[in-house]
Number of protein chains: 2
Amino acid sequence: MPVTIRDVARASGVHISTVSRTFSAPHLVNPETRVRVLACAEDLGYRPNRAARALITGRTHNIGLIIADIANPFFPPLIKAAESQARHRDYHVFVADTNEDAAAEEELVHALAKQVDGVLLCSPRMSNSLIEQLSREVPLVVVNRQLAGLPCVLMDVGQGARSAIEHLAGLGHREIALLGGPRGSWTSREIRRAAGAAARTAGAELTVLGPNPPTEHGGLAQAEQVRRAGVSAVLAYNDLMAIGLLEGLDALGVAVPQEVSVVGVDDISLSRLTRPKLTTVATPTAAAGRTAVDMLLQHDTDLPRTGRAGGAGTTVGVRRTTAQVMLQTELVIRDSTGPGPYAGRERPGATAEGPGPHRRADPGGPRVAAGDVVAS
Amino acid sequence: MPVTIRDVARASGVHISTVSRTFSAPHLVNPETRVRVLACAEDLGYRPNRAARALITGRTHNIGLIIADIANPFFPPLIKAAESQARHRDYHVFVADTNEDAAAEEELVHALAKQVDGVLLCSPRMSNSLIEQLSREVPLVVVNRQLAGLPCVLMDVGQGARSAIEHLAGLGHREIALLGGPRGSWTSREIRRAAGAAARTAGAELTVLGPNPPTEHGGLAQAEQVRRAGVSAVLAYNDLMAIGLLEGLDALGVAVPQEVSVVGVDDISLSRLTRPKLTTVATPTAAAGRTAVDMLLQHDTDLPRTGRAGGAGTTVGVRRTTAQVMLQTELVIRDSTGPGPYAGRERPGATAEGPGPHRRADPGGPRVAAGDVVAS
DNA sequence: TACTTCGCTGCAAAGGTTTGCAGAGAGATC
DNA sequence: GATCTCTCTGCAAACCTTTGCAGCGAAGTA
């Protein structure tokens with residue numbers, strides 16, 4: 001039933017190799033022959049079998065995209081950007097969801113390994129050593145995790161968290177809670193580290209609550225704790241948790257931002273739709289998706305090939321592109337943050353508005369600066 | 001570099017066919033030999049090349065999932081359910097996003113065709129005839145579209161729309177607007193048809209606005225039109241549009257539900273987080289994902305194989321599983337609907353509460369009934 | 001002992017494609 | 001007219017598996 005290269009060859013009276021070349025190296029075949037072959041192929045509805053092609057070329061023209069949780073609105077912009085970027089380079093993207101499960105991640109990398117030319121690992125939950133081990137099986141680009149010796153795309157959430165804490169301190173908050181993210185998250189550690197340092201500098205006290213699942217429910221479940229902690233401001237690991245917290249506080253009758261200020265991270269589109277609108281640290285997710293694809297495909301020719309073209313012993317040293325890209329974040333101030341109990345009074349250290357890239361939100365949504373290679 | 005079956009054979013001193021059988025038919029090989037081979041394979045880090053296997057067996061153990069828009073929160077539950085169901089049957093799911101673009105859909109089906117055993121086509125935007133044509137290339141299950149002769153998973157949005165209109169009419173609304181969905185959407189047509197009929201029965205007038213992009217912005221952009229239309233209630237194609245409309249009305253100073261009632265469709269998790277909370281028609285998305293996978297894999301053995309095992313001429317008649325499943329929907333009443341201008345006055349036809357499956361929302365979220373094969 | 005049965009293993013073809021190499025013509029150059 | 005160059009095409013091996021068939025030795029049966 002499925003029409004193969006052989007059928008086309010028979011129909012157009014040429015050898016299969018000529019048909020093959022008609023598609024993969026058209027300049028090598030006589031224009032007349034070419035049109036004839038193409039006509040026959042069209043007629044018969046022939047489509048090259050990419051799997052068979054991959055078997056010999058070692059190139060599938062697919063890339064895998066492993067995502068911690070598709071339901072998290074943080075990811076779709078990244079996915080779409082990656083897909084669009086890949087499409088331009090004639091690659092297809094296969095997305096897979098791991099449900100925040102480290103074991104599922106490993107399993108998926110293995111399953112994808114032979115079917116794609118490389119894998120984008122987004123917000124991985126597994127251990128560094130496992131990632132390194134897997135990177136020997138298939139080219140990997142890691143997003144939202146820093147690993148020496150592996151290409152990484154990072155977002156400067158440290159700077160973002162710092163800006164957020166400075167913003168809160170500037171508003172007169174001295175007791176601040178941090179809603180931590182999931183275990184195994186590099187971003188969560190980064191935020192915690194930077195927020196802790198910024199709080200110390202600003203003379204504020206930071207209470208860490210967590211780890212928590214990075215979902216609305218994770219935030220909602222901590223509302224009671226937040227109230228009990230007696231803080232006047234909260235920085236959440238991500239917008240989803242911040243939104244859940246908004247809900248939870250509302251249910252407890254706690255007014256935001258009058259009684260408690262809330263800051264999220266990510267600037268998902270939803271954060272403009274809550275009441276109050278969420279103050280948040282915008283992360284350049286689309287840029288991250290594009291960049292990750294670029295880094296993976298950067299050296300098309302460097303990608304390992306199983307086919308005989310890349311002769312054994314030619315390049316024994318495995319590809320080790322260690323470029324790491326850090327993308328900038330930006331604090332977007334909306335309505336969920338307001339004056340704290342110490343507003344107006346003098347505070348130890350720090351000015352009212354820190355040096356971070358703050359911005360009062362404009363209606364059109366944030367324009368996020370991106371770029372900045374920090375190492376390579 | 002990549003270790004093949006041959007390396008394992010060499011290392012364990014057996015023929016490659018024995019190694020192959022160790023993995024794909026363990027009962028055929030001597031236990032002693034088996035452990036030796038497995039040990040060598042483990043040692044060398046051997047992983048069967050699924051692509052090569054697929055070349056001969058005709059089975060990739062992958063299924064493709066084509067989605068109109070990953071950013072639409074309607075889809076993630078469906079994706080996750082499909083993935084989980086597939087995993088249980090030792091299948092992997094490759095998700096791809098089409099950006100609501102019919103051309104991208106076709107392109108993706110072609111790209112996936114030879115790399116998966118079947119494709120789930122969710123909310124397709126392309127024409128029926130094209131879908132039928134593509135279904136000859138690869139087994140297809142269609143979600144959210146009815147096509148004779150193809151397996152379909154449908155949600156009874158007609159019933160949902162009817163319930164919504166009856167609910168609104170029961171509250172005393174007689175001028176109702178319908179925010180249509182995207183062109184090419186079966187669901188949109190279905191809603192429009194059923195809502196029109198229900199409005200006629202209830203003695204209400206239905207104004208159709210659209211088609212619109214099925215996004216927040218699509219709803220937001222229609223806020224002005226809604227106000228100008230002078231209606232007291234709106235049924236939107238989906239929750240995202242309803243939420244956008246909520247925003248738009250808020251910006252125009254129109255109070256919901258005091259001045260205008262709003263009903264959405266889908267019951268995405270977000271609809272519980274808006275202010276006011278959204279009244280909506282819950283659709284069984286997870287059930288749809290599970291069902292679609294089941295239908296595709298139902299007859300593992302029926303799937304066409306390119307390998308020689310399925311000899312030519314044995315089953316010439318292509319598989320034509322025409323089972324169609326209709327899943328039930330349910331109206332979930334929250335806070336975005338309230339009494340209309342004719343509340344309390346007598347209305348032509350219909351009782352205050354129609355016969356549809358209405359339910360006052362409970363905090364735990366909806367339990368949706370599913371099932372009901374309507375044809376096969 | 002001769003024969004069958006059974007469990008295990010090896011052989012080789014097949015699946016659809018790519019690609020290095022060689023060969024066949026045609027045209028150009030001297 | 002001989003030689004060279006160049007363009008195009010065919011040949012066949014290779015990629016990594018699976019699987020029908022056949023063979024081999026051991027155990028069981030008569």
Side-chain angles (χ1 to χ4, degrees), chain A residues 1-37 41 44-61 113-115 117 304-312 314, chain B residues 1-10 12-37 41 44-61 113-115 117 137 304-312 314:
Chain A
M1 188 65 189
V3 33
T4 80
I5 205 174
R6 234 170 290 270
D7 301 316
V8 179
R10 213 179 351 258
S12 47
V14 298
H15 194 262
I16 58 165
S17 55
T18 303
V19 178
S20 171
R21 275 187 276 257
T22 302
F23 288 96
S24 48
H27 60 281
L28 288 180
V29 31
N30 186 311
E32 276 179 48
T33 318
R34 197 187 330 170
V35 300
R36 189 155 40 95
V37 170
L44 277 63
Y46 168 73
R47 301 243 155 206
N49 182 329
R50 302 179 76 136
R53 173 181 297 180
L55 195 55
I56 183 163
T57 62
R59 292 294 183 67
T60 62
H61 268 241
K114 297 287 195 344
Q115 319 193 45
D117 296 340
R305 323 171 95 223
T306 56
R308 57 179 168 161
T314 53
Chain B
M1 187 64 189
V3 34
T4 81
I5 204 174
R6 230 170 295 270
D7 301 316
V8 179
R10 212 178 354 255
S12 49
V14 298
H15 194 262
I16 56 164
S17 55
T18 304
V19 178
S20 171
R21 274 187 277 257
T22 303
F23 288 96
S24 49
H27 60 280
L28 288 181
V29 30
N30 187 311
E32 277 178 48
T33 318
R34 198 188 329 173
V35 301
R36 190 155 38 97
V37 170
L44 278 63
Y46 168 73
R47 301 241 156 208
N49 182 329
R50 302 179 75 136
R53 173 182 297 179
L55 194 55
I56 182 163
T57 63
R59 291 296 181 67
T60 62
H61 268 243
K114 297 287 196 345
Q115 318 193 47
D117 297 340
E137 196 165 328
R305 322 172 97 224
T306 55
R308 57 179 169 163
T314 54

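Letters go in sequence order (proteins before strands), and every chain restarts at 1.
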- Under 4.5 Å between any side-chain heavy atoms of A:R47 and B:K114, yes or no? yes

Among the nucleotides D:dC15, D:dG10, C:dT18, whichever has the atom closest to the side chain of A:R21 is D:dG10

Main-chain N/O of A:L28 paired with A:R21 side-chain donor or acceptor, under 3.5 Å: no

Review point. Does any N or O in the side chain of A:T57 come within less than 3.5 Å of the main-chain N or O of A:R53, such that one atom is a donor and the other an acceptor?
Key: yes

Rounded to whole Å, the CD1-P distance (B:I56 to D:dT18) equals 8 Å

Considering only heavy side-chain atoms of A:P31, the closest of C:dT17, D:dC8, C:dT9 is D:dC8

Side-chain donor or acceptor of A:R34 paired with backbone N/O of A:T22 under 3.5 Å:
no

Closest of D:dT19, C:dT17, C:dG10 to the A:T4 side chain is C:dT17

Rounded to 10°, the helix from C:dT1-D:dA30 to C:dC30-D:dG1 deviates from straight, judged by its five-pair end axes, by 50°

Of the candidates C:dC8, D:dT17, C:dT19, the side chain of A:S20 sits closest to C:dT19

Regarding the side chain of B:T33, the nearest nucleotide among C:dT9, C:dG16, C:dT17 is C:dT9

In terms of heavy-atom contacts, A:Y46 and A:P48 come closest through OH-CA, 3.3 Å

